[in-house]
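See structure below.
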Amino acid sequence: MSVNSRWEDTVRDAIISLERGKGDWVPMADLRQKLDLRGTSRAVQEEHLNRMSQNGKVRFGTGGRIKWVGKR
């Protein structure tokens, strides 16, 4: 499993765990807290989240929110 695949799994699982209902937007600050626990720098987080956005896996919303739009 590649680094990118592991990150996608981690981000997907974190977003899904924060959703109130399937497909809900979640606060980016809450997601950051979960990702920070992995000990990864914000720069690396940004790199992966931006890549995932470009690949259609996540969508950034207004007000600092994020949504998983890839396969569950």
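None of these values were measured; they are calculated from a predicted model.
Atom CG of residue N55 and atom CE of residue M52 lie 8.5 Å apart, to the nearest 0.5 angstrom. W68 contributes atom CH2, which lies 13.5 Å from atom CG of L18 (distance to the nearest 0.5 angstrom). Residue Q45 holds its CD atom at 13.0 Å from NZ of K34, rounded to the nearest 0.5 Å.
For the salt bridge (charged side-chain N to carboxylate O under 4.0 Å, His left out) condition, the pairs that include at least one residue of residues 36-45, sequence neighbours left out, are D36-R42. Note on residues 19-52: pairs passing ring-ring contact (aromatic ring centres under 6.0 Å, His included), not counting sequence neighbours, are W7-H48.
Formation of a donor-acceptor pair under 3.5 Å by the T10 side chain with backbone atoms of R6 is found in this model.
In plain terms, the two heavy atoms of R12 and D9 that are nearest each other are NH1-OD1, 3.2 Å. Nearest heavy-atom pair across K67 and G23 is CE-O, 2.8 Å.
No single ILVMFWY cluster, assembled from side-chain heavy atoms under 4.5 Å apart, contains both V44 and L37.
By the salt bridge (charged side-chain N to carboxylate O under 4.0 Å, His left out) test, D30 is found to be paired with no residue, residues two or more places apart in sequence or in another chain being considered. Residues meeting the side-chain contact (heavy atoms from CB on, under 4.5 Å) test with D13, sequence neighbours left out: none. With sequence neighbours excluded, the residues forming a side-chain contact (heavy atoms from CB on, under 4.5 Å) with E19 are I15, I16, D24, V26, R72, listed by chain and number. Qualifying side chain to side chain donor-acceptor pair (under 3.5 Å) partners for S2, counting only residues two or more places apart in sequence or in other chains: S5.
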Under 3.5 Å, sequence neighbours excluded: what are the donor-acceptor pairs made by side chains of residues 56-66?
| residue | atom | partner | partner atom | Å |
| --- | --- | --- | --- | --- |
| R65 | NE | T62 | O | 2.8 |

Problem - Derivation and outcome, side-chain contact (heavy atoms from CB on, under 4.5 Å), residues T40 and L35 - result: CA-CA 7 Å; T40 312; L35 297 178; over 6 Å; no
